Amino acid sequence: MNSLQVQPVARTVTSVRWLPPRAGNAYTDTDLHFISGSSSKHKELVLWTTGNPDFKQLNDSDTDNIEESNVLASLVTKTSHDGDVHAIAAASSETVVTASSFGTISIYNIGYESECNLSLRESVTAHRFANGEPAACTALSVQPTGASDAEVASCGEDGKLSYAPISRLDGLQSHEVDSTVITGICWPTPTQLAISTRAGQVKLFDRRSPSEVSAVFVDPSQSYDFECITAHPSQSFRLVTGTNTGAVLLWDIRNPKQPTMEAFNVHQSNVWSVQFHPTDSSKIVSCSEDASLAVTQWVTENNNSDSQNRGVRHLSSFFNALSINCFDICPFTRTSIIVAGSDSGNLLMEKSPANEFSMF
Amino acid sequence: MSRIKRVDKFVVEREKETTLHLKPGVFPLGRQSEWSAQNRTLTFALHPLTTEVAVSVAGKLSRENISKDIKVYAPDERVYFCKTVGVPDGRLPFVNDTHAVFLAMQSIMGQEAEEVGVEGLLRLSALYREAMLRQVRMLQDVEQQQKESDFVETEVEIFQSMHAIWHLLEIIYLTTNLPGLNTSVVPYYMEWLNFNFPAPLAEDGQRIADSARDADALNNNAELWPYLKKLAIRGHMTTLANMLEQVAPAQDLSSSSARWARELARVSREMPLGTNDETTGSFNARWRRWSNETHDISTAIGSVISEENDDPQLSSLFRIAEILRGEVDVISEEGELWQDVLGAILLYSEPTAQADRLPTLAQVVLEQFQTDEFTQVDRALVALLNHDLAEFLVYSNQIDNWLSAHTSDIMDHLGILEEWRSVFAMEPRAHYLHLLGEKYLSHQDLWHVGLDYFGQSKSPMGLSLVEETIIRMPLESDKRAQKILDICAKYRLTTAVDRIHRQLGRQKWQRGRLGAAIAHFAQVGDRNAIGQICDQLWTEYLKSGNLTYGPIIDGIMASGRIRHDRLQFLTQYRDFHESYKAGDFTAAGRLLLAILVDETAPSHAIPDLLVDAIPLLEGDGLVFSADDTFELMRCAEALTQSPIVKKSIDSVADPMLPWSEDSPATTRQDELGIFNVACARNLARSFVVL
């Protein structure tokens, strides 16, 4: 088991997200920025900065000292958040969208001028129960269009799926699509949304025909709850869900009537978040209640179908005993940097050069 | 026996009481009696989970029994929420770090205790100490940034004290107790002393050395000789020898002083140090030779002093020589702390002493100190040196709950706490772990950590505490509920799982999330609640006429983990509707008959099902065979004969009964009559077809 570097931040970290580069896609900034959200006592959004490891000079004694002193990232600015932060999505380097336990979707602007600041631009209640109580927003995802005015979609404990253009949150549309809790949401294509449910279902929803769910997938052989979902960055028919039993399920829904599914039992407990590695999509990264991250190689070189023989690399820290709730992988650097947040009040980080990732 | 009595006194000692004045408060400070005379008193309510207290003003007498002159002021009508800070935010990193070490210790000692042994505990103990030192460094950084920081200063003191105590415990019970190692406690004690009570400070030595250009200047420095005595007390022999050699050439120094300074420098360098390769006998022989030599030097300086008694440097050299030969009186006079004196006695008188000699030596040392003025830290250290673990735990708990909980835990793993079990009213490890868990639960971010301390106490009481606490945890979100259920599963709390699922089910039901509610009730097999929700769905359908519960049923039935007659009925009835809507009357009829024959439908729904059968009976095509029709007629007959249903048919309108008195166009009896006629006609048609 590999070790993650730990930085105590004295707050329960529930969401982290890297911010895109401020100028174009070629990341030439020497400093990277990410944002974390926390819950319980400190309901806050915090903007962090860390050195870009691609620019680390050989014999850079200053950087080494920083690493030795356990400072993985420096706090730039912070702001309070209305409710626990359940999810963060970065729409641009200057705009982030957050989901809260009070059922609201909020948009924050990030100012990088002389003094960095995080300011609330707009907030709207997207999820509410029938009796009027606010329903927690469980996840959100920004439409992968690359356009300036993408849509943000959210899901909640009220079983509703809501979406609106980021520039006009008041034009929010909501549809009830499940009778239990929707735990995760993603955009496989710019017109299609996929959700995972507490009842162990994956549902597809077409943005163009919002009146009904276009497909439902279930694993009839097992009784799972799904905790999260993500879509392959380029193959929209591949989805990954994380379960409450610690499994990561890889779905191939090319044939919607007979989807195929492969299970990787990589964790001991609930899988809270899952992602395809942004620079090497043959790997699935997941984090769990068992206080570990797992990097699973789902594509094998010689087409070996035996999932037990596939490489799984576990990452954890001795000083982090509680659940890792969230993580994000920086897609803009050659060095793979994973940042994660945990219930033990830690930020965790792993920096591994790109060539190390082809080892297993 | 007497020792146990003494401990009992501490065990029953009440915890410190604190008087706080609320600011802004209900009455001005110092005017309590005046305020109280006006029929006022305070009332309070404790929060069941946190340390929060709601305080408000109440009347001692009822309003009717008091004079009307007594006015009510605005502060009387407020409710004040007070909270004691159990765990400051600054401690969170330390709490989380040590929680991780604690869990690792329980896991390792639970599975492979014999393999891990004392060495494994020593490694984990070092991690605890590392966490304490990290916390001290972090606090010192904060202290440098904040000018007025009494709180931070106190925290630094607490953590330094805890480190000193833990370090000594580690030396006595782990470091010098490794299997196969028969080692002296002295070098470790000196290391402990110099690390935790740093004196003489290295900066002082540097300053003295920097201020002296030559030996004369050094000799004239007033701080030099007291500093050299401190070096001797603490056993810093190399530094002592270096400084004595530096000062020896001074012009102001008498020839005898210079000579003895050089001699003392030489013997300081030659002090024997024990090694692991050397036998105790060989070391003792070397030590005796060295000790005799220091004794001779001391005697020689003493005789010179009697001749030249006005030489202060020579007096200082004499005292240094006396310290080196282990003269207790001189050591006691020169040592500032009792720890210094014990260290010097160990170093110069009993260099091979083992941990079991510490109580005797400590007794000798403490006789020369005013123990009444000792702090809690001193008392805890003394108790530890005396191997009085009960007293030690009581004082540790007064310093900090963390210390008593973790020291009792490690002592329990070492198996040394058992003999003290009778002193305590309950198992000490569990008791102190519970106290710490309770403290952690008062912090919102530490609820999981607090529960772990309860659960890992491995006592029935601990599990009860987890259970009692966890069922009161606010189920703020679905994810939080999942985490709570995970903990229940970890500690196998089946009753708590049951209660939490029921609570979640009721919560979802109240919020109109019927599917989610059914899923939770299904987890605990609450068939009654599931039946009630199904009845609600059925009633809503009857009221609205729109069959909208389909997605709810599909969502929860898809996984195939829920089996319930009512759900099956609703599913079949939904399928019947869909078949009917699609024009597949045969399939619809088959489904309807299956519902009636299998008796999956509740009795109050049967009349509606019979009415639903009428269009199929009267349709153009023959849907029901003669046998099917007989079955339908049997169901109708059973319905009319059922006393409950019969009564309900005759009763006043009931929302559960579709055949209400205000049904349009017909009465219940009429509808039953129509059904009977339809059955008769269908039967006739079926015979004709046959």
Side-chain angles (χ1 to χ4, degrees), chain A residues 6-12 14 38-42 70 84 86 101 129-133 135-136 138 157-159 176-181 183 197-201 203 213 216 218-220 222-225 227 244 269-270 272 289 291 317-323 325 342-346, chain B residues 88-104 127 130-131 134 137-138 443-449 452 476-483 485-486 489-490 507-508 510-520 549-562:
Chain A
V6 178
Q7 180 177 337
V9 291
R11 44 180 59 70
T12 303
T14 46
S38 49
S39 67
S40 297
K41 188 175 180 188
H42 302 279
N70 251 359
D84 292 346
H86 279 187
S101 57
F129 292 113
N131 66 353
E133 282 181 47
T138 50
E157 292 187 12
D158 57 353
E176 186 160 341
V177 291
D178 195 72
S179 61
T180 60
V181 174
T183 50
T197 75
R198 172 72 52 221
Q201 294 179 314
K203 293 183 175 179
V213 171
V216 180
V218 187
D219 176 12
Q222 293 285 335
S223 174
Y224 297 121
D225 289 1
E227 303 288 1
N244 65 325
S269 189
N270 307 53
W272 294 128
E289 181 73 21
S317 165
F318 180 84
F319 286 109
N320 188 81
L322 298 183
S323 167
N325 298 318
S342 80
D343 273 352
S344 287
N346 291 322
Chain B
D89 285 350
R91 274 203 188 191
L92 290 185
F94 172 75
V95 171
N96 284 313
D97 281 359
T98 51
H99 169 240
V101 181
F102 173 75
L103 288 184
L127 291 175
E130 203 178 289
R134 210 166 29 237
R137 281 196 296 273
M138 190 272 284
H443 195 288
Q444 278 176 285
D445 286 0
L446 296 176
W447 62 273
H448 195 154
V449 178
D452 273 345
E476 292 156 343
S477 68
D478 177 65
K479 195 168 179 178
R480 168 88 173 236
Q482 290 305 311
K483 284 175 182 274
L485 287 168
D486 271 356
K490 180 178 168 186
Q507 188 190 64
K508 305 279 183 195
Q510 195 182 8
R511 290 169 170 176
R513 305 295 300 149
L514 301 184
I518 290 174
H520 284 295
Y549 63 73
I552 298 176
I553 301 293
D554 289 341
I556 51 176
M557 297 287 277
S559 59
R561 57 184 124 161
I562 301 174

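Lettering follows sequence order; numbering is per chain, from 1. Quick caveat, the model's predicted, so the values are computed rather than measured. Values below: all heavy atoms of this structure, side chains included; hydrogens, waters and symmetry mates excluded.
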Proximity breakdown for [X] and chain A, heavy-atom pairs closer than 4.5 Å:
X        : answer
B:His520 : neither
B:Asp486 : side chain
B:Lys479 : both
B:Val95  : neither

Contact winner vs chain B - [options], heavy-atom pairs under 4.5 Å:
options                                : result
A:Asp158, A:Thr138, A:Asn320, A:Asp84  : A:Asp158
A:Gly345, A:Ala135, A:Ser344, A:Ala130 : A:Ser344
A:Val9, A:Asn131, A:Asp343, A:Thr14    : A:Asn131
A:Gly159, A:Ala136, A:Gly132           : A:Gly159
A:Ser342, A:Ala321, A:Ser40            : A:Ser40

Any donor-acceptor N or O pair under 3.5 Å, side chains B:Asp445, A:His42: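 Looking only at side-chain atoms, A:His42 and B:Asp445 do not form any donor-acceptor pair under 3.5 Å.
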Interface moiety of [X] toward chain B, non-hydrogen atoms closer than 4.5 Å:
X        : value
A:Ser101 : neither
A:Ser39  : backbone
A:Glu157 : both

Top contributor to chain A interface from [options] [non-hydrogen pairs under 4.5 Å]:
options                                : answer
B:Gln510, B:His443, B:Gln482, B:His448 : B:Gln482
B:Thr98, B:Val101, B:Leu103            : B:Val101
B:Leu446, B:Asp478, B:Val449           : B:Asp478
B:Ser477, B:Ala517, B:Gly512           : B:Ser477

How far does [atom1] of [X] sit from [atom2] of [Y], to the nearest 0.5 angstrom?
X        : Y        : atom1 : atom2 : result
A:Ser179 : B:Lys508 : OG    : NZ    : 11.0 Å
A:Phe319 : B:Leu127 : CZ    : CG    : 5.0 Å
A:Asp225 : B:Leu485 : CG    : CG    : 10.0 Å

Sequence-distant partners of A:Ser323, side chain to side chain donor-acceptor pair (under 3.5 Å), two or more places apart: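 Only A:Trp272, A:Glu289, A:Asn325, B:Lys483 meet the side chain to side chain donor-acceptor pair (under 3.5 Å) criterion with A:Ser323.
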Flag, side chain of A:Arg198 to backbone of B:Ala516, donor-acceptor distance under 3.5 Å: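 Judged by distance alone, no pair lies under 3.5 Å.
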Return the set of residues passing ring pair (Phe, Tyr, Trp, His ring centres under 6.0 Å) with A:His86 (not counting sequence neighbours), or none when no residue passes.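 A:His86 satisfies ring pair (Phe, Tyr, Trp, His ring centres under 6.0 Å) with no residue once adjacent residues are dropped.
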Looking only at heavy atoms, which two atoms of B:Asp89 and A:Ala10 are closest? And how far apart?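 Looking at all heavy atoms of both residues, the shortest contact is O-CB, 4.0 Å.
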Between A:Leu322 and B:Asp452, is a side-chain contact (heavy atoms from CB on, under 4.5 Å) present by the stated rule, with each step listed? CA-CA 10 Å; A:Leu322 298 183; B:Asp452 273 345; 4.2 Å; yes
